[in-house]
Structure formats: C-alpha cells, structure tokens
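Worth saying up front: this structure is predicted, and the values here are computed from it rather than measured. As a basis for the values below, the full set of heavy atoms in this structure was taken, side chains included, without hydrogen atoms, waters or symmetry mates.
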Amino acid sequence: MGFPSEVRDIFASRRSNNSPLIASPAEDLKAKAANDCVQEGVRAGLKAAAVMCVVTAVPTLVAVRKIPWAKANLNYTGQALIISAVSIASYFITVDKTILECARRNAQFHTVSRRGHTQLVIAGASLDPLLKPTQANLRHFLHR
C-alpha cells in the first residue's frame with residue numbers, strides 16, 4: 001500500500017534543514033565515527049567471510065570425495081549450504097565484534113568537573129583548550 005505521494009512530501013519537507021535547532025559539532029564527530037566503525041566492520045567481515053569460505057570449502061569437498069557417508073548424503077546443495085552458512089555466520093559475527101570494539105574505542109565520553117564547570121573529554125582529547133589532559137588524568141578516565 002504505502003503512503004500517498006502528497007503525505008510523503010509533507011513528511012519529507014518536515015525533515016528538511018528548516019529546523020531552528022543547530023547541530024552540535026560533537027554530533028558530527030559521532031556520526032563520522034559511527035560511519036567509520038561500520039566501514040571498518042564491513043571490511044573485516046568480508047575478509048573473515050572469504051577466509052572461512054576457503055577454510056570450509058576445502059574439507060567439505062575433500063570429504064565428499066573420500067568419506068562414503070558424505071558421498072552418499074551431501075549433494076551439491078548440501079555442500080553449498082555448509083560453505084555459505086559458515087561464511088555468512090563468520091561475516092556477521094566479525095562485523096558485530098568489530099563495530100562493538102570500534103564503538104567502545106570511540107565512546108570514551110566523560111564529563112569532568114573541574115574548577116566549577118563541566119569539561120567533555122572525547123577519547124582522551126579535551127575539547128576545552130584551557131584544560132589540557134595530562135597522562136595521569138587520561139589513565140584515570142580510561143580506567144573508570
């Protein structure tokens with residue numbers, strides 16, 4: 001069914017940049033970091049899927065030719081299902097782990113109360129130019 005085009009245009013015009021709110025520079029940094037995490041995860045997932053495809057295909061094809069049970073019970077569809085299931089699973093597991101690891105690296109947002117005001121520390125780099133992060137402060141924040 002879907003939305004009629006007139007209703008869709010009304011909703012689309014509401015989402016345009018006519019908002020009186022201004023996005024924070026930190027939001028742009030978060031969006032870029034999230035995009036980088038996704039790209040890094042996809043890259044790692046493709047590598048893992050390719051490796052697991054080869055690692056699974058070799059024993060499966062050898063087993064079909066040498067082991068009588070596999071010869072009798074695994075046709076081409078079964079072989080393809082075994083190989084593709086392992087490849088797909090390794091892709092998604094690797095992408096998930098990589099994105100979570102990258103998000104943990106990027107999510108070191110801490111608020112620090114110092115001299116009566118709040119300072120935002122992002123991944124060890126201070127956004128307040130008056131308050132330079134020291135090695136001891138960074139160790140304290142990263143091990144919280």
Over all atoms of both residues, closest heavy-atom pair of A44 and T98: CB-OG1, 3.7 Å
Disulfide (SG to SG under 2.5 Å) against C102, all qualifying residues, sequence neighbours excluded: C37
Partner set under side-chain contact (heavy atoms from CB on, under 4.5 Å) for D96, not counting sequence neighbours: L100
T56 (side chain) donor-acceptor with C53 (main chain) under 3.5 angstrom: no
Shortest non-hydrogen separation from V86 to M52 and the atoms involved: CG1-CE, 3.7 Å
Smallest separation among heavy atoms of V95 and G41, with atom names: CG2-O, 3.2 Å
Hydrophobic cluster membership, I88 vs L46, 4.5 Å side-chain cutoff: yes
Salt bridge present between K32 and D36 (N-O < 4.0 angstrom): yes
Donor-acceptor pair, side chain of R105 and main chain of E101, under 3.5 angstrom: no
Closest heavy-atom pair and its distance - A49, Y91: CB-CB, 4.0 Å
For K71, all residues meeting salt bridge (Lys or Arg N to Asp or Glu O under 4.0 Å), sequence neighbours excluded: none
Shared hydrophobic cluster for F92 and V38 (ILVMFWY, side-chain gaps under 4.5 Å): yes
Transitive ILVMFWY side-chain link V64 to I82, under 4.5 Å: yes
